[in-house]
Undergrad: 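For reference, the structure I am asking about is given below.
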Amino acid sequence: MFTVGPAFWGGEAGDPYWSYVRALLHFDGSMVDSAAGGAVYSLLENAVLTATDQRFGSGGLDCRNLSGANGVTSTAHVSLALGTSDWCIELFLKDTGIGGTNKWIFLLEGSTATISFWDLGGWTANGDVSSTTPATFTKPTEGAWHHLAVCRSGNTGTVWVNGISQQTFDLTGINFGSGYGTLYLGRSSGSGDYRLLIDDFRVTVGVPRYTAPFMPAGPFPNRGL
């Protein structure tokens with residue numbers, strides 16, 4: 001059974017967790033952070049903003065260029081520090097099925113630990129959350145938009161795809177650091193990238209947002225209730 005709780009509000013409704021939002025990128029013709037968290041976001045190499053294939057609004061992030069690396073990076077900033085708090089990293093994406101290497105959807109490097117999500121022959125959360133790579137699960141249909149959220153609630157990490165839990169992992173004792181965080185979107189910090197489309201990316205620190213099945217909605221609002 002799905003629930004639509006106060007953790008997810010789309011359209012014109014406000015966000016009850018707005019005060020916890022550290023990053024909110026709509027890609028509507030610019031790289032502006034609507035949350036004004038403080039980090040600055042830039043397109044890398046061949047990534048572009050598209051106005052022809054987006055999930056919401058007037059634009060999205062297009063990482064499909066085959067001639068070189070794609071993606072987005074941020075400046076290192078304390079607003080992206082996760083520490084030991086609950087948090088939620090989420091976005092809408094379309095896997096285009098175009099080949100790539102080291103296909104990372106996102107990587108958030110903290111000052112002491114990292115959290116990432118990527119395609120390892122299946123989708124999986126990874127980073128300093130386990131001494132071994134967690135089991136992968138079958139990614140959803142290519143060529144369609146899907147909502148992805150990776151959340152921490154206490155000592156448990158959960159991967160939600162279209163509002164359904166697909167993977168859990170242990171975060172006991174994991175401190176991502178309080179000094180700064182650096183975000184990579186559509187790629188890792190290395191040379192690999194993922195040929196995909198992304199729209200509406202959000203980082204929330206202080207609450208997990210999702211602890212039960214839900215119906216994703218968007219676009220993510222730019223204000224509180």
Undergrad: Taking atom CG of L196 and atom CG of L61, what is their separation to the nearest 0.5 Å?
TA: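 Going from CG on L196 over to CG on L61, the span is 7.5 Å.
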
Undergrad: Going by side-chain hydrogen bond (donor to acceptor under 3.5 Å, both in side chains), name the residues that satisfy it together with E109, two or more places apart in sequence or in a different chain.
TA: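 Checked E109 against side-chain hydrogen bond (donor to acceptor under 3.5 Å, both in side chains); matches are S189.
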
Undergrad: Checking side-chain polar atoms at under 3.5 Å, does N162 have a donor or acceptor matched by the opposite partner on H147?
TA: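 No, because no side-chain N or O of N162 sits under 3.5 Å from a partner of the opposite role on H147.
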
Undergrad: Rounded at 0.5 Å granularity, tell me how far CG in N126 sits from CZ in F117.
TA: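 Result: 10.5 Å between the selected atoms.
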
Undergrad: Taking the side chain as everything from C-beta on, heavy atoms only, tell me whether I198 gets closer than 4.5 Å to V72.
TA: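 No, too far: nothing below the 4.5 Å cut-off.
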
Undergrad: If you look at every heavy atom in A135 and T124, which pair is closest and at what distance?
TA: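 That closest heavy-atom pairing would be O-OG1, 3.7 Å.
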
Undergrad: Over all heavy atoms of both residues, which pair between V159 and A125 is shortest? Give the atoms and the distance, please.
TA: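 So the minimum-distance heavy-atom pair works out to CG2-CB, 3.9 Å.
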
Undergrad: Rounded to the nearest 0.5 Å, what separation is found between the OG1 atom of T96 and the CZ atom of R64?
TA: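 That separation rounds to 6.5 Å.
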
Undergrad: To the nearest 0.5 Å, how far apart are CG in D62 and CG in L49?
TA: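 Those atoms lie 9.0 Å apart.
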
Undergrad: Under 3.5 Å, is there a donor-acceptor pair between the side chain of D200 and the main chain of F92?
TA: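 Flag not set: sc D200 to bb F92 has no pair under 3.5 Å.
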
Undergrad: Are W18 and P221 packed together at the side-chain level, in the sense that at least one heavy-atom pair is separated by less than 4.5 angstrom?
TA: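 Answer no - side chains too far apart.
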
Undergrad: Taking the six-membered ring for Trp, are Y180 and H77 ring centroids under 6.0 Å apart?
TA: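 For Y180 and H77, the ring centres are not under 6.0 Å apart.
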
Undergrad: Looking at Y41 versus F27, is the centre-to-centre ring distance below 6.0 Å?
TA: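 Between Y41 and F27, the centre distance exceeds or equals 6.0 Å.
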
Undergrad: Provide the closest heavy-atom pair for W160 versus S165 in the form atom of the first, atom of the second, distance.
TA: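 Result for this residue pair: CE3-N, 3.3 Å.
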
Undergrad: Is any side-chain heavy atom of F201 closer than 4.5 Å to one of I89?
TA: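 Touching, per the 4.5 Å side-chain cut-off.
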
Undergrad: Before accepting this row, confirm whether a basic side-chain N of the pair D53/K94 lies closer than 4.0 Å to the acidic partner's carboxylate O.
TA: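 Yes, D53 and K94 are salt-bridged.
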
Undergrad: With a 4.5 Å limit on heavy-atom distance, are the side chains of F214 and R209 in contact?
TA: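 F214 vs R209: side chains apart.
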
Undergrad: Would you compute the distance between atom CZ of R187 and atom OG1 of T73 and round it to the nearest 0.5 angstrom?
TA: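 Rounded to the nearest 0.5 Å, the CZ-OG1 separation comes to 8.0 Å.
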
